[in-house]
Undergrad: 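I have a structure I would like to understand better, so I am pasting it below and will then ask my questions one at a time.
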Amino acid sequence: MTHALSDLCHSPMLVLAIFVLGIGGTFQYGFQISVLNSPSPYIKKFLNETWLMRYGAALEDWKLNLIWSFIISLYAVGGLIGALNAGHLAVKYGRKRCLLSNNFVAIAGGVMMGLSRRAQSFEMIMVGRFLYGINAGCWGHSLGESAPKRLRGLVSMTVSTFLSTGKLSGQLLGLNEILGSEDLWPVLLAFSVVPALIQLVSLPFFPETPRYLLIDKGDQVQCEKAIQRLWGKGDYRSEIHDMVLEHAAIKGEKSKSVLELILEKSLRWQLLTVIVTFTTLQLCGINAIYLYSFDVFRAAGIPTHQVRYMALGTGLCEIFTSLFCGLLIESTGRRVLLLRGYWCMALVLGLLTVTIFLQDTLDYLCFIIFLGFCFFSGVYVWFYFPETKGKTVLEITEDFQKMHSKTQTEAAETVENHKELQSVTSTKL
């Protein structure tokens, strides 16, 4: 734990890169998850007033809920479009150039949000949410590519830390005393312009990621220069050698589309593992905890005017957990942390369900669904997820292939044994 932190402190340029990539990356995503909770009554009031001004009649409840649902869901639609194009753009134009261009999308979304009330247009809020979604989807995971192998886990865990910090910032800035008031909610929605500008101004001072320069571009000289700038002076021949081997292994292969990736049999286990982990990330119940936190605190007897401040504890808890896991990941390993995390969440969700059930409130039995996702994802990790700590991409790929071939061999042996058993039974009969 201390060894990893010491190594990170000896690479100040890498520490700055973590901050710049995080503040313009998952911080934005986390902020957009929580920012609409506090000002929602004022935004809905603005929707009603705008509709009344245009058409001379107030919005019916079902229409108001429909428009509000569009505003919420357009973020996910934009994220999907951005994610489907992010890989191709990152390979074609480079990680750094894509991140720089992506900030203009966030700035455009912030401008639309900030001017929506002045223009008396709730459609601008919809467009802004859509652009924010594209910005979140196009964000590339450059942090792991910028870190040496011995720090890859710690550096990659800062993705979760900035995500949690973004959620907490959305809750904090959404307080009535700060930007969550009726007069300042457009400023709150446009706040994402600030981290976008920070990344836009500072990112040009950093090199392109070493892995992209060597593996995708085949430029070993520039890769070595980028490594020296990011990691500091030292002997990194082993790291470069691993990247050279990976470059040789994939030489001549073009970047795959989503459909080609799905149809590629050799990558099926890796793809399935990514789907399981990221699906569980969305369906582990953390978003529901955020949405239901006000109701849970009220049920616990917290006065209504203090609930908003108590909910900040949820965000703080998530930040501390991500920091703690970041310190443990290099010594414990990814597989063990995933297992403990999934099964601990399943246990907590089970206790939460039982507690609320005992209060005769059946609406919260939906937490059983999240419990199931966490438990069975833990089972999947136990049987089908190899440890990746300290391994190269080629070594991880080889581990997946071994597990896959082992599964196929065991299946073939089972079928063969079954046939033999049938043969013996038939002979005896």
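Position 1 is the first residue of the sequence, and the numbers go up from there. What you are looking at is a predicted structure, and each value in this text was computed from that prediction instead of being measured.
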Undergrad: Mind checking the CG-CG spacing from Leu131 to Asn102? Nearest 0.5 Å is all I need.
TA: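 CG of Asn102 is found 10.5 Å from CG of Leu131.
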Undergrad: Side-chain donor-acceptor pair under 3.5 Å between Gln28 and Gln32, yes or no?
TA: no
Undergrad: Tell me every residue that passes side chain to side chain contact (heavy atoms under 4.5 Å, CB included) with Val276, counting only those two or more places apart in sequence or in another chain.
TA: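 Expected list: Leu272, Thr280, Ser377, Tyr380.
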Undergrad: Are the side chains of Leu59 and Leu52 in touch, meaning some heavy atoms are under 4.5 Å apart?
TA: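 No - every pair of side-chain heavy atoms lies 4.5 Å or more apart.
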Undergrad: Quick one: ring pair (Phe, Tyr, Trp, His ring centres under 6.0 Å) partners of Phe46, sequence neighbours excluded?
TA: Trp185
Undergrad: Should the ring pair Phe31 and Phe27 be called parallel, tilted or perpendicular, given that the plane angle runs from 0 to 90° and is split at 30 and 60?
TA: parallel
Undergrad: Does any part of the side chain of Phe205, heavy atoms only, come nearer than 4.5 Å to the side chain of Val20, both counted from C-beta?
TA: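 No, side chains not in contact.
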Undergrad: Pairing donors with acceptors under 3.5 angstrom, does anything connect the side chains of Gln171 and Ser34?
TA: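 Short answer, no.
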Undergrad: Donor-acceptor pairs under 3.5 angstrom involving side-chain atoms of residues 62-69: please list them, not counting sequence neighbours.
TA:
residue	atom	partner	partner atom	Å
Trp62	NE1	Glu60	OE1	2.9
Asn65	ND2	Asp61	O	3.2
Ser69	OG	Asn65	O	2.7

Undergrad: In Å, rounded to the nearest 0.5 Å, how long is the span from OG of Ser101 to CZ of Phe104?
TA: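 Here the rounded value is 7.0 Å.
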Undergrad: With a 4.5 Å heavy-atom cut-off, do Pro210 and Cys223 have their side chains touching?
TA: yes
Undergrad: Apply side chain to side chain donor-acceptor pair (under 3.5 Å) to Arg54 and list each qualifying residue two or more places apart in sequence or on a separate chain.
TA: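 Checked Arg54 against side chain to side chain donor-acceptor pair (under 3.5 Å); matches are Glu123.
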Undergrad: Not counting sequence neighbours, which residues clear salt bridge (Lys or Arg N to Asp or Glu O under 4.0 Å) with Asp183? List them please.
TA: none
Undergrad: Kindly give the heavy-atom pair with the smallest separation between Lys149 and Glu239, and that separation in Å.
TA: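 Scanning both residues, the minimum pair turns out to be N-OE2, 2.9 Å.
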Undergrad: By the salt bridge (charged side-chain N to carboxylate O under 4.0 Å, His left out) test, which pairs, at least two apart or in different chains, include something from residues 210-219?
TA: Arg95-Asp216, Arg211-Glu246
Undergrad: Strictly by modelled atom types, are Ser322 and Thr161 linked by a side-chain donor-acceptor pair under 3.5 Å?
TA: yes
Undergrad: Is the closest basic N to carboxylate O distance between Arg97 and Glu208 below 4.0 Å?
TA: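 Glu208 and Arg97: not salt-bridged.
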Undergrad: Side-chain contact, heavy-atom cut-off 4.5 Å: Val274 with Phe278?
TA: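 Sidechains of Phe278 and Val274: in contact.
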Undergrad: Out of curiosity, Tyr93 OH to Cys98 SG, how far, rounded to the nearest 0.5 Å?
TA: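 Tyr93 OH to Cys98 SG: 8.5 Å, rounded to 0.5 Å.
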Undergrad: Around atom NZ of Lys96, are there more than 12 heavy atoms from other residues, nucleotides or ligands closer than 6.0 Å?
TA: yes
